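Shown next, in structure tokens, is the structure this report addresses.
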Amino acid sequence: MDQPSGRSFMQVLCEKYSPENFPYRRGPGMGVHVPATPQGSPMKDRLNLPSVLVLNSCGITCAGDENEIAAFCAHVSELDLSDNKLEDWHEVSKIVSNVPHLEFLNLSSNPLSLSVLERRCAGSFAGVRKLVLNNSKASWETVHTILQELPDLEELFLCLNDYETVSCSPVCCQSLKLLHITDNNLQDWTEIRKLGIMFPSLDTLILANNNLTTIQESEDSLARLFPNLRSINLHKSGLHCWEDIDKLNSFPKLEEVKLLGIPLLQSYTTEERRKLLIARLPSIIKLNGSIVGDGEREDSERFFIRYYMEFPEEEVPFRYHELITKYGKLEPLAVVDLRPQSSVKVEVHFQDKVEEMSIRLDQTVAELKKHLKTVVQLSTSNMLLFYLDQEAPFGPEEMKYSSRALHSYGIRDGDKIYVEPRMK
């Protein structure tokens, strides 16, 4: 059911967490008691407010009474206001400034691009460590203002904001560890490198679904731009050459990479993709979410050598020569045909005659008798067959079951079949 428009934060808070809708649970920290409220206030004397408030998709447009927010939300540490109708940063500031212990704030899918964030308003966010602005269409100017006023910001989410470029902030944000900027339109590496300049302490960079086409940067420059980067997600980017993968080795602390759905890997099998990536990225310990153990790494590096050993010298990557130094030149793996044998050559003995024959193993004993009828001049009903495995210690085995398939006897080339007439 659609929520009515023009609702305040406090109105929604009281409705959702009232004793009728959210029964009060006794015990320390489980509820908030406000002994006196302004005359005519719709609030009850007691609300059950957890430290994590989820008020998404509630039609919130404004803050409401700030004194009441301060009274009820002094202990709140996480606040989800996503998918509301907040379009004025001043209203957001009224809410946040009265939640003194707030560390996580989600403002996704609010039309906040319709107003300008002033620094005095952004100052109310000062304690926030994790900020989510997905699909808010927040401008880079707004982001810069936030960065200047949030000295302890550690995680920033800027997905689905239609960014085609990145605007550098005049001030570096030394505290940021994680940047989630997926599903934008950042195709040029010259834009991505600006993120390294703005966030020199970045540990995790999630760039999935941005169609980045190439990494145009020298190895030395990459190391300086992202000196602390430990994890990078390039799922569904536009990378299409192995040289771009090799450049990931320039990040001095990189140990986790995600590279699913890129054009470069489309022509390879699942096994080839993983093994070739592992072999080219010697420092990673996790690929596409899966741990890379020592055994898998050695298998992948040996696979890499054999994969490229027949390539022309000019097409062999430098990594191949590094691995040759490590393992030496390897012999190609033997090609083993594991398909079951379809026919064998056996000796057929009847009386004093011996004839070498090729027989199909998919036929039954009854079908073999029909095949031998013209050879031994006996009717099938008057024919007894005995199979002698050349390595068996127990002598011939009578082939007495007409419907039994020959392959079930384990017949091999050189074995013998004896034919005897049935005694009347």
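Keep in mind that what you see is a predicted model, and the values were worked out from it rather than measured.
- Interatomic distance, CG of D413 versus OG of S343, reported as 7.5 Å (0.5 Å rounding).
- One finds the OG1 atom of T142 at 10.5 Å from the CG atom of L147 (value rounded to the nearest 0.5 Å).
- The two residues P263 and S237 make their nearest non-hydrogen contact at CD-O, 3.2 Å.
- At a cut-off of 3.5 Å, with distance as the only test, a side-chain donor of E301 or Y327 sits close to an acceptor on the other residue.
- The side chain to side chain contact (heavy atoms under 4.5 Å, CB included) test with I284 singles out one residue from E255, R297, E256, and that residue is R297.
- Residue E219 qualifies as open at atom CD: its count of foreign heavy atoms under 6.0 Å is 12 or below.
- A donor-acceptor contact shorter than 3.5 Å is absent between the side chain of E15 and the backbone of V12.
- Other residues, nucleotides and ligands place no more than 12 heavy atoms under 6.0 Å from the CD atom of E310.
- Salt bridge annotation for D246-R280: present, with a cationic side-chain nitrogen under 4.0 angstrom from a carboxylate oxygen.
- No salt bridge links K177 with E154; every basic N to acidic carboxylate O contact stays at or beyond 4.0 Å.
- For the residue pair S169 and M198, the shortest heavy atom distance occurs at N-SD, 3.2 Å.
- Under a cut-off of 6.0 angstrom, the local environment of NZ in K130 is sparse, with at most 12 non-hydrogen atoms contributed by other residues, nucleotides or ligands.
- The shortest side-chain heavy-atom distance between H371 and M357 falls under the 4.5 Å cut-off.
- Proximity of a side-chain donor or acceptor of D183 to a complementary backbone N or O of N135 within less than 3.5 Å is not detected.
- In terms of heavy-atom proximity, N185 sits nearest to N210 at N-OD1, 3.4 Å.
- In this structure, L176 and E155 approach most closely via the heavy-atom pair CD1-N, 3.7 Å.
- A side-chain donor-acceptor contact under 3.5 Å links S115 to the backbone of W89.
- When ring centroids are compared, W242 and Y268 come within the 6.0 Å threshold.
- The closest donor-acceptor contact from the side chain of E191 to the backbone of V166 lies under 3.5 Å.
- Looking only at side-chain heavy atoms (C-beta outward), L276 and F303 come within less than 4.5 Å of each other.
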Steps toward side-chain hydrogen bond (donor to acceptor under 3.5 Å, both in side chains) verdict (D83, S57)
CA-CA 5 Å; D83 199 24; S57 305; 2.8 Å; yes
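- Put simply, the side chain of R306 never gets that close to the backbone of L330: no donor and acceptor are under 3.5 Å apart.
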Give the intermediate values and the outcome of side-chain hydrogen bond (donor to acceptor under 3.5 Å, both in side chains) for residues D220 and S218.
CA-CA 6 Å; D220 291 344; S218 69; 5.7 Å; no
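- Dense packing is recorded around NZ of K275, with more than 12 heavy atoms of other residues, nucleotides or ligands lying under 6.0 Å away.
- Between the Q363 side chain and the R360 main chain, a donor and an acceptor come within less than 3.5 Å of each other.
- Between I181 and the options L158, N134, N161, L156, a side chain to side chain contact (heavy atoms under 4.5 Å, CB included) holds for only L158.
- Relative to the six-membered ring of Y409, R404 meets both conditions, a distance below 6.0 Å and an angle of at most 45° to the axis.
- D415 has its side chain out of reach of L388: every pair of non-hydrogen atoms, C-beta onward, lies at least 4.5 Å apart.
- Note: Y308 and Y320 have perpendicular aromatic rings, judged against thresholds of 30 and 60 degrees for the angle between ring planes.
- Taken from CG in L81 to CD in E91, the straight-line distance is 12.0 Å, to the nearest 0.5 Å.
- Between L222 and W189 there is a side-chain heavy-atom pair separated by less than 4.5 Å.
- The pair E322-K326 does not meet the salt-bridge criterion, since no charged nitrogen lies less than 4.0 angstrom from a carboxylate oxygen.
- Residues S231 and K286 form no side-chain contact, since every pair of their non-hydrogen atoms from C-beta on lies 4.5 Å or further apart.
- Side chain of H180 to main chain of V132: no donor-acceptor pair is present (N/O by atom type, distance under 3.5 Å, no hydrogens or angles).
- Side-chain atoms of S175 come within 3.5 Å of backbone atoms of L153 as a donor-acceptor pair (strictly under, hydrogens ignored).
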Run E66 and S97 through side chain to side chain contact (heavy atoms under 4.5 Å, CB included) and show every step you take.
CA-CA 9 Å; E66 292 186 65; S97 62; 4.1 Å; yes
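- Of the possible donor and acceptor atoms, one in the side chain of H101 sits under 3.5 Å from a partner among the backbone N and O of A74.
- Shortest non-hydrogen contact noted between K94 and A63 is CB-CB, 3.6 Å.
- Among all heavy-atom pairs drawn from L107 and F125, the shortest one is CD1-CE2, 4.2 Å.
- Looking only at side-chain heavy atoms (C-beta outward), Y163 and V143 come within less than 4.5 Å of each other.
- At least one donor-acceptor pair closer than 3.5 Å links the side chain of N110 to the backbone N or O of N84.
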What's the verdict on side chain to side chain contact (heavy atoms under 4.5 Å, CB included) for C58 and K16, showing C-alpha distance, side-chain angles and the deciding distance?
CA-CA 10 Å; C58 294; K16 179 167 184 177; 5.6 Å; no
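- For the atom pair I60 CD1 and K85 NZ, the distance stands at 11.0 Å (nearest 0.5 Å).
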For the pair L79 and F9, evaluate side chain to side chain contact (heavy atoms under 4.5 Å, CB included) and give the outcome as yes or no after the intermediate values.
CA-CA 11 Å; L79 179 57; F9 172 82; 3.9 Å; yes
Given the rule in the side chain to side chain contact (heavy atoms under 4.5 Å, CB included) test, do V257 and L277 qualify, once you have shown the distances and angles that lead to the verdict?
CA-CA 10 Å; V257 174; L277 284 171; over 6 Å; no
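- Salt-bridge annotation for D203 and K253: absent, with no side-chain N of the basic residue lying under 4.0 Å from a carboxylate O of the acidic one.
- Between the NE2 atom in H235 and the CG atom in N288 there is a gap of 5.5 Å [rounded to 0.5 Å].
- The one candidate from I192, D244, I245 that meets the side chain to side chain contact (heavy atoms under 4.5 Å, CB included) condition with I215 is D244.
- I146 is not listed as a side-chain neighbour of V128, based on a closest heavy-atom distance of 4.5 Å or more.
- Atom CG of N106 is separated from atom CG of N56 by 8.0 Å, given to the nearest 0.5 angstrom.
- Residues Q148 and R119 meet the side-chain proximity criterion, which asks for heavy atoms closer than 4.5 Å.
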